[in-house]
Undergrad: 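Before I ask anything, here is the structure I am working with.
Position 1 is the first residue of the sequence; numbering continues from there.
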Amino acid sequence: MNIFVVNCGSSSIKYQLFKWPSEEPICSGLVERIGLENSIITHKVYTSAGEQVIKRVLDLPDHDAGMQQVGALLTEPGIGVIQNPEEIEAVGHRIVHGGESFVQTTIVTPEVKEEIKRLAILAPLHNPGHYVGINVAQKIFSKATHVVVFDTAFHATMPEKAFRYAIPESFYTDYGVRVYGFHGTSHKYVSEQAIAYLEKPDAKIITIHLGNGCSMAAVDAGVCVDTSMGLGPLDGLIMGTRCGNIDPSVVFFLVSQLGYDIAQVDNLFNKQSGMLGLTGFSDMRDILKAIDAGDEKAKLAYDMYAYRIKKYIGSYAVAMNGLDAIIFTAGVGENDDYLREAVCAGMDFTGIKLDTEKNHKRAKGLREVNLPDSRVKVLIVPTNEELEIAKECFELLEK
């Protein structure tokens, strides 16, 4: 089965094509700067001979034009991997917010699309782009079954005591104000990989997804029982440009004392804060260079970043009444050995003992970096959200 996985942002399209049941994509790509001059398409084809990269710069006024170019690349003589777009049997769409309406992978219908559009009130930066992406992809891949996979779905198993806010109930019942959580596709994938590795179906696991956006989840026997992001993806850990946990009184102070309006507060917390606000850099590689150069602000920010993660590990271990493994995943989690060391330092009482030699070694795939006598496994599990989406599409359509 040819399964095309697509993730549409407000000005981008990210995609991979799988020839299922192979879990290795046959091609992938990224369309950037849609709606601007000099849009960029980076298309990769994977063969036994290696990786072929095709890069093109052209003007793409909208997602329709971008997806048309993607369809053309898939079939282009010399680099094409299919003969006709009709060979795509399923298209899996990543959707950030499913609210309480969608708690599992779902086949696209007109009603489903309208609900995704309505839920834009909860994810105004993401769901509108996903909605457009579905409409455009349905034109190009008209013979395919289109499927939506929601970032919030994995967290739908949280108990009410974990997802409710302590505000009047009507805000939840009338407007859906509650904790939803995000990065669910990643948390689901890496926790399943860890459970299989541990050969322990009832394992108590904390998944730590660290990229530009960061979140954690408490996963008990494969079921999410708590997560760090909330109504939107702003809460919880310190991130590249997002502040994470902050006292709501700061909002009142900014508005009443400094004259900020709501749009300015939104922009401040989402785009100017986090590691960027603390250091001037949002990329952890730049921050590490600054630390090496003796930048004390960068060192403080790094310590704050690790400290916030440690606090969540403690609270989630208590919430699950135990802990078998912690998982580091995504760009920072998989590649920043110093960050993993900072998080695991001083955690002996929890049973976490990092093997610093193993931790500093570069390797691919799932790996264990704890000492032999560590009661808690410390795992690095590369995430693969596109593969998880393809898998969920196949499982749904095979039912």
Undergrad: Answer yes if I313 and V318 sit in the same cluster of Ile, Leu, Val, Met, Phe, Trp and Tyr residues linked by side chain heavy atoms under 4.5 Å apart, and no otherwise.
TA: no
Undergrad: Counting only heavy atoms not in K358, do more than 12 fall under 6.0 Å of its NZ?
TA: yes
Undergrad: Would you indicate whether K113, at its atom NZ, is surrounded by more than 12 heavy atoms from other residues, nucleotides or ligands within a distance under 6.0 Å?
TA: yes
Undergrad: Judged by atom type as modelled, is there a donor-acceptor pair below 3.5 Å linking the side chain of S12 to the main-chain atoms of V31?
TA: no
Undergrad: Go through the steps for V219 and F154 under the test side chain to side chain contact (heavy atoms under 4.5 Å, CB included), then give the verdict.
TA: CA-CA 10 Å; V219 184; F154 181 61; 4.0 Å; yes
Undergrad: With a 6.0 Å cut-off (strictly less than), is the heavy-atom count around CD of E51, excluding the residue itself, greater than 12?
TA: yes
Undergrad: Work out which heavy atom in N270 is nearest to a heavy atom in R242; give both atom names and the distance.
TA: O-CG, 3.5 Å
Undergrad: So, does D151 use its side chain to make a donor-acceptor pair with the main chain of V96 at under 3.5 Å?
TA: no
Undergrad: Cut-off 3.5 Å, side chains only: do T329 and E334 have a donor facing an acceptor?
TA: yes
Undergrad: Taking all atoms of both residues into account, what is the closest heavy-atom pair of Y180 and E100, and its distance?
TA: CE2-N, 3.8 Å
Undergrad: Less than 4.0 Å between a side-chain N and a carboxylate O, is that true for K391 and E23?
TA: no
Undergrad: Restricting to non-hydrogen atoms, name the atom on L366 and the atom on P382 that form the minimum distance, rounded to 0.1 Å.
TA: N-CD, 3.8 Å
Undergrad: Hey, is the main chain of L231 close enough, under 3.5 Å, to the side chain of Y165 for a donor-acceptor pair?
TA: yes
Undergrad: Go through the steps to decide whether N245 and D235 satisfy the test side chain to side chain contact (heavy atoms under 4.5 Å, CB included), and finish with yes or no.
TA: CA-CA 5 Å; N245 289 152; D235 200 12; 2.6 Å; yes
Undergrad: Could you please spell out the steps behind the salt bridge (Lys or Arg N to Asp or Glu O under 4.0 Å) verdict for D220 and K204?
TA: CA-CA 5 Å; D220 192 347; K204 298 176 187 294; 3.2 Å; yes
Undergrad: Does a side-chain N-to-carboxylate-O contact under 4.0 Å join E296 and K299?
TA: no
Undergrad: Taking the six-membered ring for Trp, are the ring centroids of H93 and H146 within less than 6.0 Å of each other?
TA: yes
Undergrad: Is a side-chain donor or acceptor of S39 paired with a backbone partner of L36 at a separation under 3.5 angstrom?
TA: yes
Undergrad: For E395, is the CD atom crowded, meaning more than 12 foreign heavy atoms sit under 6.0 Å from it?
TA: yes
Undergrad: Regarding Q16 and S28, do their side chains bring together a donor and an acceptor under 3.5 Å, going by distance alone?
TA: no
Undergrad: Would you say the side-chain atoms of E368 and Y197 include a donor-acceptor pair closer than 3.5 Å?
TA: yes
Undergrad: Stepwise, does the side chain to side chain contact (heavy atoms under 4.5 Å, CB included) test hold for M158 with V179?
TA: CA-CA 9 Å; M158 287 188 294; V179 171; 3.7 Å; yes
Undergrad: Checking E87 side chain against Q83 main chain: does a donor-acceptor pair fall under 3.5 Å?
TA: yes
Undergrad: Determine whether a donor-acceptor pair (N or O, by modelled atom type, separation under 3.5 Å) exists between the side chain of Y316 and the backbone of T227.
TA: yes
Undergrad: Mind listing the closest non-hydrogen atom pair of D337 and H360 along with its distance?
TA: OD2-ND1, 2.7 Å
Undergrad: For the residue pair T185 and F150, what are the closest heavy atoms and their distance?
TA: OG1-O, 4.2 Å
Undergrad: If I compare all heavy atoms of C344 with all of I326, which pair ends up nearest, and what's the gap?
TA: SG-CD1, 4.1 Å
Undergrad: Counting only N and O atoms by type, is there a donor-acceptor contact under 3.5 Å from the side chain of H209 to the main-chain atoms of G331?
TA: no
Undergrad: Indicate whether any N or O donor in one side chain lies under 3.5 Å from an N or O acceptor in the other, for Y260 and N267.
TA: no
Undergrad: Is there a donor-acceptor pair closer than 3.5 Å between any side-chain N or O of T106 and the backbone N or O of Q104?
TA: yes
Undergrad: Measure from the ring center of H97 to the ring center of F102 and say whether it is less than 6.0 Å.
TA: no
Undergrad: Hey, does the side chain of S191 reach the backbone of H187 with a donor-acceptor pair shorter than 3.5 angstrom?
TA: yes
